[in-house]
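This report refers to the structure that appears directly beneath it.
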Amino acid sequence: MFVRRSIGDVAFSIMNYTVLLVLGIATLFPFLNLAAISLNDAGDTLKGTIYVWPRVFTLENYSTIFANEGLAAAAVRSVIRTVVGTVLGVLCTAMLAYALSRREFFLRKPFNIILIITMYVNGGLIPFYLLVKNIGLMNHAAVYILPMLIGVFNVIIMRSYFEQLPEGIVESARIDGASDFQILFRIVLQISLPVLSTITLYIAVMHWNSWFDNYLYASRNENLNLLQYELQKILISSVNQVMSANTHIDATDARRTNPETIRAAMTIIVTLPILLVYPFLQKYFVKGMTFAAMKE
């Protein structure tokens, strides 16, 4: 049945579609621009004015990156770190958040206060470096997992989500003889997929993008080098080639690479895995983000 719409409704719809179109373009343009730069000739990129399509198409930038012998092994380590770190991080975050969400936990308030204080007050990089060194985590694979096992912000989000769940569900399970671990893993987590997906994506992205801890704590052990750190070394090498070209040394090789195109190709490489995972979590991630925004 055809329904006539008022001029105000039509104008409102046009405004909505216009705003969404502008936001969509603003969101996609940076990524398309990086993809175009990464697929453009390094020397030609210096001329600028590349938008969403490469002017001189080439795969040389990606060839330069993938020519690195240790890149494949570093990628495998990054995947292992991301998977292990995410699973353990979500598990520990969920257990701590569940404990802090229970009103009968007599240390609930002191622990909440301590956690919030750590968000605003910390010792800084040097004391943390000394702590990692003194407990024997230097040049050890555990340095990638243990220091990032618990994130206070993630705990607060998950705790708040657990607190708004119906209390009767937990009480019914406890009356039936279920332990706290059974209640958490068989009931609470089963109905908390939105917040679990959100925290999972937060932690996974953090582990996948991390390279500074590799540089600080494990750079002396090449068997622990991660993908991000190897890419960072390639970028530094590209910058050095440009500096050499400025002093008329090895100018031919310098024209084949450009820090801007290498950086763009690196960004595409490290972003694609997250983009491939995100669609599987999108349904729950949006709900979890909405809840987190309401809590904020």
Within a radius of less than 6.0 Å around [atom1] of [X], do more than 12 heavy atoms belonging to other residues, nucleotides or ligands occur?
{"X": "F12", "atom1": "CZ", "result": "no"}
{"X": "F57", "atom1": "CZ", "result": "yes"}
{"X": "F111", "atom1": "CZ", "result": "no"}
{"X": "R186", "atom1": "CZ", "result": "no"}
{"X": "L275", "atom1": "CG", "result": "yes"}
{"X": "Q182", "atom1": "CD", "result": "yes"}
{"X": "E167", "atom1": "CD", "result": "yes"}

Compare every heavy atom of [Y] with every heavy atom of [X], then report the nearest pair and how far apart it is.
{"X": "T82", "Y": "A204", "value": "CG2-O, 3.7 Å"}
{"X": "W53", "Y": "A36", "value": "N-CB, 3.5 Å"}
{"X": "D44", "Y": "D41", "value": "N-OD2, 3.0 Å"}
{"X": "N139", "Y": "A218", "value": "OD1-CA, 3.3 Å"}
{"X": "V143", "Y": "L137", "value": "CB-O, 3.4 Å"}
{"X": "A264", "Y": "L34", "value": "CB-O, 3.5 Å"}

[X] with [Y]: basic N within carboxylate O range, under 4.0 Å:
{"X": "D213", "Y": "R81", "result": "yes"}
{"X": "E163", "Y": "R103", "result": "no"}
{"X": "E230", "Y": "R77", "result": "no"}

### Message
I'd like to know whether T86 forms a side-chain contact (heavy atoms from CB on, under 4.5 Å) with L201, so could you lay out the CA-CA distance, the side-chain angles of the two residues, the decisive distance to 0.1 Å, and finally the verdict.
### Response
CA-CA 8 Å; T86 301; L201 196 57; over 6 Å; no
Hey, does [Y] have a side-chain heavy atom less than 4.5 Å from the side chain of [X]?
{"X": "W208", "Y": "Q228", "answer": "yes"}
{"X": "W211", "Y": "L226", "answer": "no"}
{"X": "F128", "Y": "K133", "answer": "no"}
{"X": "Y202", "Y": "F153", "answer": "yes"}
{"X": "Y217", "Y": "Y144", "answer": "no"}
{"X": "T271", "Y": "F31", "answer": "yes"}
{"X": "Y98", "Y": "D180", "answer": "yes"}
{"X": "V90", "Y": "I203", "answer": "yes"}

With no hydrogens and no angle check, do the side chains of [X] and [Y] hold a donor and an acceptor under 3.5 Å apart?
{"X": "S38", "Y": "Y62", "answer": "yes"}
{"X": "T45", "Y": "R55", "answer": "no"}
{"X": "T93", "Y": "N154", "answer": "no"}

Single-linkage hydrophobic cluster, 4.5 Å side-chain cutoff, [X] and [Y] together:
{"X": "I175", "Y": "L184", "value": "no"}
{"X": "V155", "Y": "L107", "value": "yes"}
{"X": "L276", "Y": "I268", "value": "no"}
{"X": "I50", "Y": "I262", "value": "no"}

### Task
Decide yes or no on side-chain contact (heavy atoms from CB on, under 4.5 Å) for N112 and R159, but give the supporting numbers first.
CA-CA 10 Å; N112 281 322; R159 182 207 65 193; 2.9 Å; yes
### Query
Are Y129 and M138 close enough, and set up right, to give a side-chain contact (heavy atoms from CB on, under 4.5 Å), and what steps lead you there?
CA-CA 9 Å; Y129 178 88; M138 295 292 292; 3.4 Å; yes
### Approximate separation, where rounding is to 0.5 Å, of Q164 CD and S101 OG
10.5 Å
### Query
Roughly how far, to the nearest 0.5 Å, is CG of L88 from NE2 of H207?
8.5 Å
### Query
Are S13 and N16 close enough, and set up right, to give a side chain to side chain donor-acceptor pair (under 3.5 Å), and what steps lead you there?
CA-CA 5 Å; S13 297; N16 274 346; 5.8 Å; no
### Message
Using side chain to side chain donor-acceptor pair (under 3.5 Å), reason through N61 and T261 one step at a time and then give a plain yes or no.
### Response
CA-CA 7 Å; N61 302 310; T261 56; 3.1 Å; yes
### Task
Indicate yes or no for a side-chain donor-acceptor contact from D176 to the backbone of A178 under 3.5 Å, with no hydrogens or angles considered.
no
### Query
Side chain of N134, backbone of L130: donor and acceptor closer than 3.5 Å?
yes
### Query
Which is it for I156 and L115 under the side-chain contact (heavy atoms from CB on, under 4.5 Å) test, yes or no, and what are the steps along the way?
CA-CA 9 Å; I156 292 175; L115 287 176; 5.9 Å; no
